[in-house]
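Here the structure comes first, spelled out in structure tokens, and everything after it is commentary.
Atoms within a ligand are numbered from 1 in the order they appear, just like the ligands themselves. The chain is numbered in sequence order, starting from 1. FYI, side chains are in, hydrogens and waters are out, and symmetry mates aren't considered; it's all heavy atoms of this structure.
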Amino acid sequence: MKLPLTLPVITALVVSSLVTGCAGHHAAEHAPYTPGLGEIMSMTSTRHAKLWFAGQGQNWALAEYELEELREGFEDAAKYHPTHKEITQPIPKLIATTMDHSMDEVEKAIKAKNILLFTQHFDAVTAGCNACHQASAFGFNIVTRPTSNAFSNQVFSTAP
Ligand code: HEC
């Protein structure tokens, strides 16, 4: 097809190349990446396991780090997913009621370097995970104490 290059045709060509090329490119470049709640939860699950093995290894610096990562994951969940189509309560409120207290207690145990308290409050954290899953439509998703360490490429005991 040969278009007569009249002014309207040239304008149309320029506009369409701007829309498909330039504008599309910029939109992709600047669109912020937002993790889905399921993705945040996968990371949360990893941090939960690593927190356990760090605590059992009495590697308190690592335990503190993993607890902080766990908290940041919940902050992202609250920020990016304040509501969920299958959950009646607001997510930030659910996190506060199910997680905050036990995470604070784990933090105290880490600071005190007390493995007994750590273990006790870690179990309370796990119960909090399950309380939130039960309060939502995800009660089938049951979190437990990890039984074996899937992360053989990381040191969990106190570094030599
Ligand atoms: C706000 C309430 C809430 C809290 C607190 C919470 N979860 Fe979840 N969790 C969810 C929801 C909702 C889903 C389903 C997300 C989706 O896929 O849309 C989920 C999904 C999951 C999944 C499934 C992800 C997958 O890919 O298999 C795991 C694992 C998980 N959570 C672990 C945890 C752990 C571990 C904790 C505690 C440290 C925790 N969750 C705390 C609400 C919560």
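- Between E39 and M43, the closest side-chain pair of non-hydrogen atoms is not below 4.5 Å.
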H48 and F122: CA distance, side-chain angles, deciding distance, ring-ring contact (aromatic ring centres under 6.0 Å, His included) verdict:
CA-CA 9 Å; H48 175 263; F122 179 92; 4.6 Å; yes

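- Side-chain contact check for N114 versus W60: every heavy-atom pair is 4.5 Å or farther apart.
- In terms of protein heavy-atom proximity, atom 22 (C) of ligand 1 is closest to N141 ND2, 2.9 Å.
- The protein heavy atom nearest to atom 39 (C) of ligand 1 is C129 CB, 3.5 Å.
- Nearest protein neighbour of atom 42 (C) of ligand 1, counting heavy atoms only, is H133 CD2, 3.5 Å.
- Ranking the protein heavy atoms by distance from atom 29 (C) of ligand 1 puts S45 CB, 3.7 Å first.
- Near T98, meaning under 4.0 Å from one of its heavy atoms, ligand 1 places the atoms 5 (C).
- The protein heavy atom nearest to atom 11 (C) of ligand 1 is F138 CD1, 3.9 Å.
- The contact set between ligand 1 and T44, taken as ligand atoms under 4.0 Å from a residue heavy atom, comprises 34 (C), 36 (C), 38 (C).
- Annotation: side chain of H121 is not in contact with side chain of D104 (no heavy-atom distance under 4.5 Å).
- Within the 4.0 angstrom cut-off, atom 27 (O) of ligand 1 has no protein heavy-atom neighbours.
- Residues Q154 and K50 meet the side-chain proximity criterion, which asks for heavy atoms closer than 4.5 Å.
- Looking from atom 3 (C) of ligand 1 to the surrounding protein, the closest heavy atom is C132 SG, 2.6 Å.
- Judged by distance alone, the side chain of T158 and the main-chain N or O of G57 form a donor-acceptor pair under 3.5 Å.
- The pair R71-E107 meets the salt-bridge criterion, since a charged nitrogen lies less than 4.0 angstrom from a carboxylate oxygen.
- Of the protein's non-hydrogen atoms, M41 CG, 3.3 Å is the one closest to atom 19 (C) of ligand 1.
- Side-chain atoms of T126 never come within 3.5 Å of backbone atoms of V143 as a donor-acceptor pair (strictly under, hydrogens ignored).
- The distance from ligand 1 to the heavy atoms of I95 drops below 4.0 Å at these ligand atoms: 1 (C).
- Those atoms of ligand 1 with a heavy atom of L37 less than 4.0 angstrom away are 12 (C).
- Applying the 4.0 Å criterion to heavy atoms of V143 picks out, from ligand 1, the atoms 32 (C), 33 (C), 34 (C), 35 (C).
- At least one heavy atom of I87 sits closer than 4.0 Å to an atom of ligand 1.
- Scanning the protein for heavy atoms near atom 18 (O) of ligand 1, the closest one is H84 NE2, 3.4 Å.
- Side-chain atoms of L51 and I110, non-hydrogen and from C-beta on, do get closer than 4.5 Å to each other.
- Within the 3.5 Å criterion, the main-chain N or O of C132 finds a donor-acceptor partner in the side chain of S136.
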